[in-house]
Protein chains: 2
Amino acid sequence: MVMQEADQLDAVFSALSDPTRRAILSRLTAGDASVNELRAPFTMSQPAISKHLKVLERAGLIERRVARQQRPARLNAAPMAQAVRWLDDFKQFWAPSFDQFDTLLEDLKRDKTTREADNE
Amino acid sequence: MVMQEADQLDAVFSALSDPTRRAILSRLTAGDASVNELRAPFTMSQPAISKHLKVLERAGLIERRVARQQRPARLNAAPMAQAVRWLDDFKQFWAPSFDQFDTLLEDLKRDKTTREADNE
DNA sequence: TCATAAAATAACCATATGGTTATGCAAGAG
DNA sequence: CTCTTGCATAACCATATGGTTATTTTATGA
């Protein structure tokens with residue numbers, strides 16, 4: 001059963017709307033992790049994490065393996081491409097004078113990143 | 001009261017997770033529209049549309065005006081930039097593999113599926 | 001075989017979400 | 001003034017979401 005494109009987008013955006021799940025995805029960019037490892041930064045219970053993982057799995061954003069007693073999660077960022085593609089249609093509406101000031105915007109972005117780095 | 005960056009992301013992704021709201025945003029790229037105009041493509045009631053608009057407004061994705069009896073909505077795509085910036089960090093996890101290893105990955109996936117099928 | 005560890009599942013709870021119908025209210029139009 | 005239009009708001013409902021604790025499943029290891 002193949003998920004409809006719209007339903008897939010629903011699931012992806014919905015999965016990304018929770019800060020815990022976004023943190024889990026960010027963590028997974030550093031490599032696969034077991035449920036307990038993913039749970040470590042949080043105060044919530046293990047079943048809560050398992051629920052979040054199920055949401056991420058339904059959105060196609062992670063895949064599960066079996067390794068010993070663990071079920072490590074692996075990032076699958078592919079569905080994010082769909083979300084980005086949808087958002088790209090709006091780029092012209094937030095990047096005023098897209099063509100001319102492209103470079104300026106890049107500069108601003110870099111400045112912001114630098115400032116954030118300074119704060120840590 | 002300024003919304004926290006994370007809360008803002010929550011609100012944006014959450015707002016985008018509904019197909020009706022995405023359709024409304026797409027419609028607004030063609031210009032401002034009244035509630036009735038936005039309602040036209042759908043079968044749902046007017047209050048339902050008003051609720052969706054409230055969600056979009058809380059996420060900062062639209063702004064409301066007052067014009068005669070109408071309260072037209074205007075697209076404000078700026079908060080989408082934040083979402084795209086967050087997603088950009090994951091680009092490397094879906095983009096690079098695409099070109100060179102597309103076929104290889106498909107092969108691996110097929111092998112895995114085959115193995116799983118064998119186990120059942 | 002038995003104990004332990006990792007994670008899933010069940011059952012439950014409070015709140016959020018997405019819809020409805022009914023009603024209220026402000027701004028033209030007659 | 002009164003009527004109508006456009007929308008907001010209220011009240012309600014069913015289902016979804018995000019958390020909990022308790023229990024079960026699965027795999028390792030003694």
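Below, read A as the first sequence line, B as the second, and so on, with proteins coming before strands; counting in each chain starts at 1.
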- request: Over all heavy atoms of both residues, which pair between A33(A) and L28(A) is shortest? Give the atoms and the distance, please.
  value: N-CD2, 3.9 Å
- line: Across all chains, not counting sequence neighbours, the side-chain hydrogen bond (donor to acceptor under 3.5 Å, both in side chains) partners of R39(B) are none
- prompt: Where the side chain of S14(B) meets the backbone of A11(B), is there a donor-acceptor pair that is under 3.5 Å apart?
  reply: no
- prompt: How far apart are the closest heavy atoms of F93(B) and A77(A), and which atoms are they?
  reply: CB-CB, 3.8 Å
- prompt: Is it true that R85(A) and D88(A) make a salt bridge, defined as a side-chain N closer than 4.0 Å to a carboxylate O?
  reply: no
field: Closest heavy-atom pair and its distance - F90(A), L75(B)
entry: CD2-CD2, 3.9 Å
R71(B) CZ to dG6(D) P, straight-line distance once rounded to whole Å: 12 Å
field: For chain B, the stretch of DNA chain C it reaches, first to last nucleotide, under 4.0 Å of its heavy atoms
entry: dG18(C) to dG28(C)
task: May I have the distance from R65(B) (atom CZ) to dA8(D) (atom P), rounded to whole angstrom?
output: 14 Å
query: Do E63(A) side-chain atoms and E57(A) backbone N/O form a donor-acceptor pair below 3.5 Å?
result: no
task: May I ask you to list the residues of residues 27-51 of chain B, by number, that have any heavy atom positioned under 4.0 Å from an atom of DNA chain D?
output: S34(B), V35(B), N36(B), Q46(B), P47(B), S50(B)
query: Do R74(A) and N76(A) have side chains that get closer than 4.5 Å, going by heavy atoms?
result: no
message: Taking side chain to side chain contact (heavy atoms under 4.5 Å, CB included) as the definition, give me every residue that meets it alongside R68(A), ordered by chain and number, with sequence neighbours left out.
response: Q70(A)
- prompt: Can you name the side chain to side chain contact (heavy atoms under 4.5 Å, CB included) partners of V55(B), sequence neighbours left out?
  reply: A15(B), R21(B)
- request: Please report, rounded to the nearest Å, how far the C1' atom of dA27(D) is from the CD atom of Q70(A).
  value: 10 Å
task: With pairs defined as Watson-Crick or G-U wobble and both distances under 3.5 angstrom, please note down DNA chain C as a dot-bracket string, | for pairing with another strand.
output: ||||||||||||||||||||||||||||||
